[in-house]
Engineer: 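Following this message is one structure expressed as structure tokens.
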Amino acid sequence: MSEQQVEREVAAEQQFVDRVYAQLENAGRAAQELAREGHSRGRLGHEGGLVERDAMVFQAARRLAQLDAAHEGLVFGRLDLGAELDPKPRYVGRIGLRDDNRDSLLIDWRAPAAAVFYQATAAEPHGVLRRRVLRSTGRRVIGVEDELLDADGMAEAEKSGRELPIVGEGALMAQLSRARDRSMHSIVATIQAEQDKAIRAPAKGVVAISGGPGTGKTVVALHRAAYLLYTDRHRYERGGVLVVGPSGVFMRYIERVLPSLGETAVALRSLGEVVGDVRATRHDEPAVADIKGSSRMAEVVRRVGRQQVPGSPREFRMFYRDDRLVLDAGLLGRIRRSLMGQGLRNKQVPRVSSALLDALWRQVRSERGRDRGREEFEDDLLSNDDFLDFALAWWPPLDAPTVLCWLRDPELLARVSEGVLDADEQELLAKSWAHLDPDRPIGPQISIEDVPLLDELRYLLGDKPERKVDDDGYAEVLKASDREELLTASDREFSSGRGWVAPTYGIDDDPYAHVLIDEAQDLSPMQWRMVGRRGPTATWTIVGDPAQSSWPVRAEADAARAEALKGKTVHAFHLSTNYRNSAEIYAYAAAYAERVGLDADLPDAVRRTGAEPRELTVGPGEDLESATRAAVAELAGAVSGTVGVVVPVARRSEVNAWLASWPELADDAPSAAAAARDFSLPPSGTDRVVVLTGLDTKGLEFDGIVVVGAQEIEDESTTGRATLYVVLTRATQLLTTVS
């Protein structure tokens with residue numbers, strides 16, 4: 001097709017896109033008018049007006065957010081159907097729009113009418129003659145890519161006078177050749193039939209999406225979340241959708257995808273951010289991470305949650321009338337075990353005084369003490385500062401961070417780990433927790449692997465009151481007997497004047513309506529327990545590839561996953577085509593997987609570039625820094641998108657320093673540097689070049705990858721081979737290893 005014909009096709013599509021954006025602006029003005037009208041209802045002076053105001057303003061705000069999110073690539077697809085179906089073109093976009101006559105102008109990609117855009121193939125065209133993808137920058141159409149799906153139908157259409165020229169190399173190949181930036185783009189325009197089946201699978205149970213590297217598992221899963229919100233908005237928007245990924249880097253990478261599809265009611269959390277307001281960003285060393293992630297830690301955490309508070313009093317003595325009353329260690333131990341057997345530790349706070357008073361009253365023998373009666377006995381002790389101070393110190397309300405900090409004590413750790421962890425494992429854990437300080441915010445102190453342990457403790461203890469009570473307020477809790485645990489309205493009103501609020505003991509995590517887990521093969525058993533609590537009644541989407549797993553004991557993780565999904569039907573979908581890597585790069589990665597014995601799912605790579613991966617070896621006496629800088633410079637000059645520099649954990653700071661500045665390369669630098677002399681390299685950490693460890697690359701992709709010290713990455717952990725395999729599959733165009 002001539003260039004002039006292509007320009008005519010682009011211009012024709014531009015006219016339609018201009019019309020859609022004009023209608024989008026009209027819809028925005030209508031939403032703003034709805035918001036203004038809603039605010040005016042609030043001034044009517046009665047409750048009904050306020051209700052109407054809230055409803056109208058909420059609907060307007062949601063529609064405006066949807067319209068704002070849809071501006072980028074608003075129109076991306078066109079279907080031309082056989083005349084017997086619909087001779088008019090059908091356009092597909094990020095949201096649905098109607099024209100002024102209320103006729104459909106743009107079909108939402110999630111609507112049933114748009115399904116054929118993804119499902120039609122040359123083998124089964126479903127009445128589609130031509131499928132067209134519009135490529136846009138902002139509001140400007142910069143190109144179109146067509147696929148001829150029904151040649152016989154096209155011939156009939158041309159006989160009847162319809163002109164449907166075929167333009168471009170095909171949408172998928174065009175999308176794959178685009179440069180990557182630091183955010184994953186929605187590729188709704190290129191979702192293939194096997195991917196679409198997973199996206200539109202029934203909402204019940206679990207959809208498990210598997211496949212090798214580059215098969216689009218993450219994109220498919222995110223589009224599925226958007227599809228579920230579209231098809232059952234009331235359920236999923238009310239209950240919420242939780243998306244859990246392996247790292248903060250990964251979550252920032254994907255965070256634009258769902259808003260660009262028109263969805264904003266989704267919680268994005270890395271594994272270090274799943275619990276409350278905690279945000280952990282660092283990993284433990286592999287040996288420590290393997291211990292903390294093991295299901296054995298559930299028993300260790302259970303035991304520590306039942307321990308007496310370190311430093312708390314071991315006995316209580318007092319005189320009452322003519323009697324000497326004693327709560328010794330043995331008696332207190334029996335009381336503690338009895339209270340523990342009645343439920344969550346924090347829930348027993350109101351019962352503590354009753355249990356202690358029972359034990360003390362049984363010791364009152366004198367006639368003078370008994371004559372005054374139990375009621376006056378209780379009044380006396382509940383007005384006794386020594387007794388209240390003892391009870392406060394012996395059984396205080398506890399939070400999970402405080403109890404986790406107890407494990408910094410090697411003796412306590414050894415006691416609760418006896419028979420569960422060996423001495424070497426205890427030593428590693430004690431070292432990892434030695435720095436914990438209960439008086440500082442816990443998030444910056446702990447690792448990602450600590451977060452599930454913190455969550456386990458929260459569910460064992462029950463949450464503390466939302467507002468920390470002062471001593472007077474706590475005394476009110478102690479004074480409440482077990483019969484008075486549910487306080488009356490007057491009790492609460494009276495107490496509120498003293499700055500105390502009635503405590504709540506349940507965990508405040510509301511289960512989500514849908515849970516999406518990406519890179520699921522990396523979750524430890526303890527992490528499965530953590531995410532399982534977020535969706536006991538939810539539907540699930542689980543994405544993963546076992547060959548890329550960084551968890552060493554697969555059977556243990558599989559058992560924890562089965563427990564988290566207990567009772568749910570699993571619908572499995574397998575993706576078989578690698579769209580990310582060039583065939584040359586994936587052949588290199590697949591050969592590595594086979595050589596080291598990984599049981600890898602090897603998808604078919606569909607794109608060739610002619611650029612084979614390069615292996616650079618730095619000999620004795622040569623400069624690894626110069627070779628690395630030269631390799632990075634070469635790739636940065638050869639690709640227009642991002643370059644990932646993947647290094648062993650121990651070298652991350654060192655390599656960051658190498659790339660922090662970029663002076664002109666010396667003439668005597670290695671030959672690779674000489675070849676790259678004219679390239680300009682941005683500092684590490686900018687939009688184009690970033691230094692990452694192997695685990696950090698999970699789920700990411702880059703135009704070019706430089707792997708520094710591949711053998712060191714492999715040797716870092718028991719799953720180092722799987723990690724290196726992941727690293728080798730992150731590049732879309734160029735791959736260089738420097739060893």
Side-chain angles (χ1 to χ4, degrees), residues 275-278 298-310 312-313 316 327 331-360 378 381-382 387-406 416 438 442 452-489 491-492 494-496 498-511 529-530 532-534 536:
V275 176
D277 297 327
V278 174
E299 174 61 17
V300 174
V301 171
R302 188 191 71 81
R303 291 180 184 180
V304 76
R306 298 176 65 87
Q307 292 293 300
Q308 184 171 342
V309 177
S312 62
F316 175 73
L327 298 173
L331 180 55
L332 288 173
R334 290 192 293 275
I335 296 172
R336 182 166 55 82
R337 288 190 291 274
S338 174
L339 289 170
M340 286 292 187
Q342 297 177 49
L344 301 177
R345 183 166 187 155
N346 281 334
K347 192 173 183 179
Q348 306 314 311
V349 169
R351 296 191 175 116
V352 169
S353 61
S354 179
L356 296 177
L357 290 170
D358 282 344
L360 291 170
E378 291 185 0
L381 264 68
L382 290 173
F387 175 76
L388 292 177
D389 289 345
F390 167 78
L392 173 62
W394 184 69
W395 196 289
L398 294 171
D399 56 28
T402 297
V403 178
L404 185 68
C405 289
W406 294 355
V416 298
I442 197 67
L453 309 183
L454 201 66
D455 192 54
E456 197 85 14
L457 282 168
R458 291 175 67 231
Y459 279 82
L460 286 168
L461 297 172
D463 274 348
K464 283 182 67 175
E466 291 183 8
R467 179 150 53 109
K468 188 175 181 180
V469 299
D470 57 22
D471 286 351
D472 287 341
Y474 184 75
E476 283 296 318
V477 182
L478 291 175
K479 292 175 184 178
S481 71
D482 53 357
R483 296 184 304 277
E484 298 166 331
E485 184 179 341
L486 298 177
L487 304 179
T488 65
D491 291 332
R492 290 194 295 271
F494 174 80
S495 296
S496 64
R498 306 175 64 185
W500 178 75
V501 292
T504 56
Y505 302 101
I507 299 301
D508 59 4
D509 299 322
D510 293 326
R529 290 172 65 92
M530 175 178 69
R533 297 186 186 102
R534 271 74 193 166

Engineer: Would you say the side chain of Trp394 lies within less than 4.5 Å of the side chain of Val309, judging by non-hydrogen atoms?
Structural biologist: no
Engineer: Who passes side-chain hydrogen bond (donor to acceptor under 3.5 Å, both in side chains) against Arg302, sequence neighbours left out?
Structural biologist: Glu299
Engineer: With a 4.5 Å heavy-atom cut-off, do Val416 and Val301 have their side chains touching?
Structural biologist: no
Engineer: Check Leu339 against Gln348 and note the closest heavy-atom contact, atom names and distance.
Structural biologist: O-CG, 3.4 Å
Engineer: Once you round to the nearest 0.5 Å, how far does CD of Glu378 lie from CG of Leu360?
Structural biologist: 10.5 Å
Engineer: Is there side-chain contact between Leu461 and Asp399, with heavy atoms separated by less than 4.5 Å?
Structural biologist: no
Engineer: Are any of the side-chain heavy atoms of Leu356 and Phe387 separated by less than 4.5 Å?
Structural biologist: yes
Engineer: Does the side chain of Val278 come within less than 4.5 Å of Asp455's, by heavy atoms?
Structural biologist: no
Engineer: I'd like to know if the side chain of Trp406 reaches the main chain of Gly305, judged simply by a donor and an acceptor atom lying under 3.5 Å from each other, with no hydrogens or angles considered.
Structural biologist: no
Engineer: Atom CD of Gln307 and atom CG of Leu398: how far apart are they, to the nearest 0.5 Å?
Structural biologist: 12.0 Å
Engineer: Could you give the distance from CD (Glu456) to CZ (Arg529), rounded to the nearest 0.5 Å?
Structural biologist: 4.0 Å
Engineer: Rounded to the nearest 0.5 Å, how far does CG of Leu460 lie from CE of Met340?
Structural biologist: 9.5 Å
Engineer: Taking only residues two or more places apart in sequence, or in another chain, which ones meet Gln308 in a side-chain hydrogen bond (donor to acceptor under 3.5 Å, both in side chains)?
Structural biologist: Ser312, Arg314
Engineer: Got a second to check how far Arg337's CZ is from Leu332's CG, nearest 0.5 Å?
Structural biologist: 10.5 Å
Engineer: Any idea which heavy atoms bring Leu454 and Ala400 closest together, and the distance?
Structural biologist: O-CB, 3.5 Å
Engineer: How many angstroms lie between CG in Asp358 and CD1 in Ile335, if you round to the nearest 0.5 Å?
Structural biologist: 8.5 Å
Engineer: Any side-chain to backbone donor/acceptor pair from Arg534 onto Met530? Under 3.5 Å, distance only.
Structural biologist: yes
Engineer: With the side chain counted from C-beta on, respond yes when Ile442 and Cys405 share a heavy-atom pair under 4.5 Å apart, and no when they do not.
Structural biologist: yes
Engineer: Is the backbone of Arg306 close enough, under 3.5 Å, to the side chain of Arg336 for a donor and an acceptor to pair up by distance?
Structural biologist: yes
